[in-house]
Structure formats: C-alpha cells, structure tokens
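The structure under discussion appears below in the form of structure tokens.
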Amino acid sequence: MKSLYLAFQVYLAFAKKSFQRRMQYRVANLAGLTTNFFFLLVHIFVYTAFYAARTTPQPLNLDEIITYFVLCQVSFMLMPFWGTRSEVTSAIKDGSVALQLTKPVDFQTYWFADECGRAFYYLLMRGLPTFLISILFFKVTIPHQPTVLMAFAVSMTFAIFMSNAITITIFSSGFWTLDTTGISGMSYSIITLFSGMLVPIALWPEGLAHVARWLPFEGLIDIPFSIYLGKITGVEVWIAIGKQMVWNLFFIGLGRFLLTRGFSRLVIQGG
Amino acid sequence: MIEVENLSKIFKVYHHRKGFFGSFVNLFSRKHHVVQAVDEVSFTVKRGEIVGYLGPNGAGKSTTIKMLTGILVPTSGSVTVNGYIPHRQRKENAKHIGVVFGQRSHLWFDLPVQESFELLQRIYRIPETRYRYNLEIFDELLNLGDFFQTPVRQLSLGQRMRADIAAALLHNPDVLFLDEPTIGLDVVAKARIRQFIQKINAERQVTVVLTTHDLDDVEKLCKRVILIDNARLCFDGELATLRRLLSTERLLSVDYAEVYSDISISNAHVIYREGARAQYRFSPEEISTADLIGAILQKFKIVDISVQEPDIEELIKTVYEDNSLIVPCGETK
C-alpha cells in the first residue's frame, strides 16, 4: 500500500512538472485563444443559418447547439489528437523513448501522468477563459442541478483518459512502422467525425448514428456534452459513463499490450 | 558486476522501394536484409573498474550499451548487470544504473535543472539527506550552482553535459554508462568531466563503462579497454598492453623556415612534402620523439613542428586487420 502511495507520488510529480513546463509558454498560449474563437464563430454562424432555414423542431435547439460547440472549444485542447502534440508522442518516433526506459518508471503511466498535467494546464489556460468569454457573448446553457455537473465532470475525466489511451495505442504502432503519420492521420479523421466533434450525433441520420453509438469515440465528446445538456438523464447517465469506462479499460489494455510487445522489438533509430 | 556472454543482436533493415509505385509495393512485400550489430561478444567487468568500450562508428558500441541498460532485447546470449537481467528486469536494473548519452539529454528540456533533479529524486526515491549531500558534492566538483535555475534548453553544451552526468549519479548507482560524454565539448569542459568521473569512481567504487571516440578520454580514465569492430570483440585488456601490441607509428609535421633540398632524417620516413612543409612517419621504438625533433633542429631551421598520434579509428583498424593481435576475453587478466 505504501509503495503504491509512493508510486502515485512519482507520477503526480510528473503531472505537476508537465503542467509547470507548459506554464513557460503561457503567453503564446493566450494567442491561441483567438483561434478558439475563430472556429467557435464559424460553427455558430453555420448552425444559426441552418436553424433559421428549418421550421421542424430539432433534437437540440440553437442555444444547446451553441453550448455544445462552446464546450468543444473548451475541451478539445485537453485531448491529444486535437491539442498540441506532447513530446511523449514523438518519443517513439525519434528514439528518445530509449532514455525514458533507462529510468525505473512505467512508461504508460508516465505518459498518462504527463498528459494529465497537460490537460490540466489547457483547462486552466485555454478552456476556462474560452468558457468565461463565451458566456459573455453567447447564450450558453449552464445546468442547474449539481448532480448533472458532477456527472459531467466524471464523464469528461473519462473522456480525457480515453483520448490518451487511444493516442498511446495509435503511437505504439510506431514500433512496427516507425512512421505513424498515416495511421494517426486516418485515426484523426475517424475520431473527429465519430466523436461528434463536427456534428452532434443527435443530429445524424438514423443509420450512421447507430454506428457511432457502437464505436468508442462518442465517449470523447458526445457523451460528456450530452450529459451536460441534460440529453442523457437518470440511469442512462450511468450506462453512458459505464460505456466510457469499458472503452477506457479496453484501450489501456490494448496500449499496454502493444507497448510491451513494441519494446521487445524496439529498434532505436540511429542506434 | 557486469557479465556478458556470447551476446548478439541482429537487426532487420527493410528496403524501401523508390517512387510512387514502389511505396505501394512496400505495403505488401518488404525485402529486408539482416544486420549483425553485435556478434558473440563476451566480457566481464568488476566492481569499481573503468572500462573504455571502443570502436569505430557503427561497430556496435551503442547497441551493446542499450542491451546493458535494458532498452534493447538481445537476439541471443546473456547479460547480467548487478545480478539483474536488464531487458527482463528493466525497472529493477534501472534503479542501480546511471546512463548518460552524450547526444541526448535526460533532463526535461523546458524545466530548470533544479526541477529536473527534484523529479529524479522522486523517481529514484532518493532520501532527502542523501539528495542534499550528493547535490553539494556535485556542485562543488561541477559548479552546478551557476546554472541550477536555468531551463535546460538554455544551457550550453558543456553545462548540459555536467548537469546530465550529475543527474545520472544522484541515486548512487553501482554502474555508470557513459556514451560519448565529451562529444563536442571544449578542452576545459572535457578535463572537468574527466576529473569528475575519476573522482566519483575512486570515492564511490562506481563501475564505469565508457564509449568514446576521444583517445584522450581513454588515456585519462581507463586502464582497461575493450575494442569492437564489425560487431565483434577484437581486444580486451589493458590500454598499456594494447599500446605495446601496436607498434604505434606517429606522424611529425614540420614547417621549415626555407625550402631544403635534402630533408631526410635517419629513422624517419618522409611521407609528404610540399614546399617548406613536410611530414615524417616514425616509430617511437626506433627513435624517440625528443631525439627526432633534436635531430631536425640540428640540421634545419623550422617555423613550426607538431606530433600526431594515430587516432582511435586508426588504432582499431590496425588491431582488426592484424588478427594475430586479437586477444580473447579473459586471457589478459
């Protein structure tokens, strides 16, 4: 138990330093806020135009749609596919992963810790400012029940965990192919679409929405945001979070398997 | 401390077909050839030894080091470091070794040196008192204080190297692997790092395995050297033995004050001559450097004179080309 606590301390320290490291670039980061708002405005204008042309009621009303995309801008930087790429992701490619292996740390846990620090940094320095400014300019819905907010927080945490578990899995393929541009590019498109990043799954045609519900990626964006908007309620919330949990375990397990196999056949470039 | 037996590592290198069409074919069939990076290498290193592990580029030095540190899995053969099998017990092994790769830093690029060190303190669970004590000693020897608060990305190469070596020793490892620790450093920085390694080795009985291209490093630090070339071990023994085995010829370059018609000197061969500049080859066994210079000064007026030792690649080439010089591991002890 004590050694578990000590191990936790190590990875907590990693997360803290990861946060601290990024704090050095906070001015550059603020400039990134502009980009957030640019994309937010594009989404809002497009949907406002759509909704003006429609008379039939939609599963999400315009305010909910706007809130959905505000949340997108708040949270996408917290996830490694859309946010700036961490050093760990390129560690396999350029071989600096070797240096990490000379230390008595578990690589996957180290990676998670590093990303948690990163996510927390972007939450504070990008996510919250984006949210606060958005409240001033747009009609952003805020849930009144604390339970909804709590469920959202849990679901969002799982979403961030899963985004990292998936990233580790994708990049582990680098042990075999040495170049992950292809596979990461492909996954990027699939994930962007099926997470509900571009269009909320509630607005999708029946058939395709069905496919999305069977894929893990809705757990990244659509599930937490639907919980926030009160579109998923009661027992459904538990089922949705349960789904996220199962996919998390799946990707963590798969990533772990690939990493272990990968390290055993590691070719360090330029070795 | 380190036992290596019949260690081999084979890499598969895939061929890439050229062009647009070729890259499609690559997807389905990839030809490869096998590269033997390390071939049946055996040696043992005792506690407290400093061993120079030498060889030309691509000889298999780094591959061996990577197998000793548990990063690479050997194709065949056995390795134990401190009683651990590095690739199976990577994390256990890692607690007892320190590693420095001259070309890459272990420190966190964006963090001040101090922060990196504190992180290492956590990783290796170094007790506070020992951490403070080590820091004090390292600071004294390497002047870390000058740049302790500076982010690693702003350090000079020499400073970074000093920080990296100190970082690798914070947890009192039993074995220290140094892969080209003085690469790219100036003379002063090199000397400082060598002194530090010597001192730590003497005081803490740290076993040091050093790979380098710098013959000075070897001369200052290592009693024993292991040479490998083309993946195979070709010498294991004392540096002095190696030197004796090789009748090391040296080169003497002279700039004469004027152009002489006959510049021959007994026991030295003119191998190059252009205008007032000449180069001689001589063997120290036949004529000492001092005598040779004396003889030249007696006959001619000179502007400049310098003696060159053959570099390490040259030495290794001699050993490897002459198979009679190969000393199997163990026989020299």
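First the proteins, then the strands, lettered A, B, ... as listed; each starts at 1.
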Problem - Those residues that, when tested against B/Arg47, pass side-chain hydrogen bond (donor to acceptor under 3.5 Å, both in side chains) (two or more places apart) - result: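 Counting only residues at least two positions away or on another chain, B/Arg47 forms no side-chain hydrogen bond (donor to acceptor under 3.5 Å, both in side chains).
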What part of [X] lies closer than 4.5 angstrom to a heavy atom of chain A: side chain, backbone, both or neither?
X	value
B/Glu118	side chain
B/Ile65	neither
B/Ser116	neither
B/His106	both
B/Arg88	neither

Measure centre to centre between the rings of [X] and [Y], then say whether the value is under 6.0 Å.
X	Y	value
B/Phe101	B/Phe177	no
A/Phe112	A/Phe161	yes
A/Phe39	A/Phe69	no

Handout entry: Salt bridge present between B/Arg90 and A/Asp106 (N-O < 4.0 angstrom)
Key =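 No salt bridge links B/Arg90 with A/Asp106.
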Handout entry: B/Arg160/B/Asp164 salt bridge by N-O under 4.0 Å criterion
Key =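 Salt bridge: yes.
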Problem - Largest heavy-atom contact set with chain A, pairs under 4.5 Å, which of B/Lys95, B/Arg125, B/Lys61, B/Gln121 - result: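 Of B/Lys95, B/Arg125, B/Lys61, B/Gln121, B/Arg125 has the most heavy-atom pairs under 4.5 Å with chain A.
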Exercise for the section: Just give me the residue among B/Ile97, B/Asn93, B/Thr69, B/Ile123 that pairs up with chain A most often, heavy atom to heavy atom, under 4.5 Å. Expected result: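 The answer is B/Ile123.
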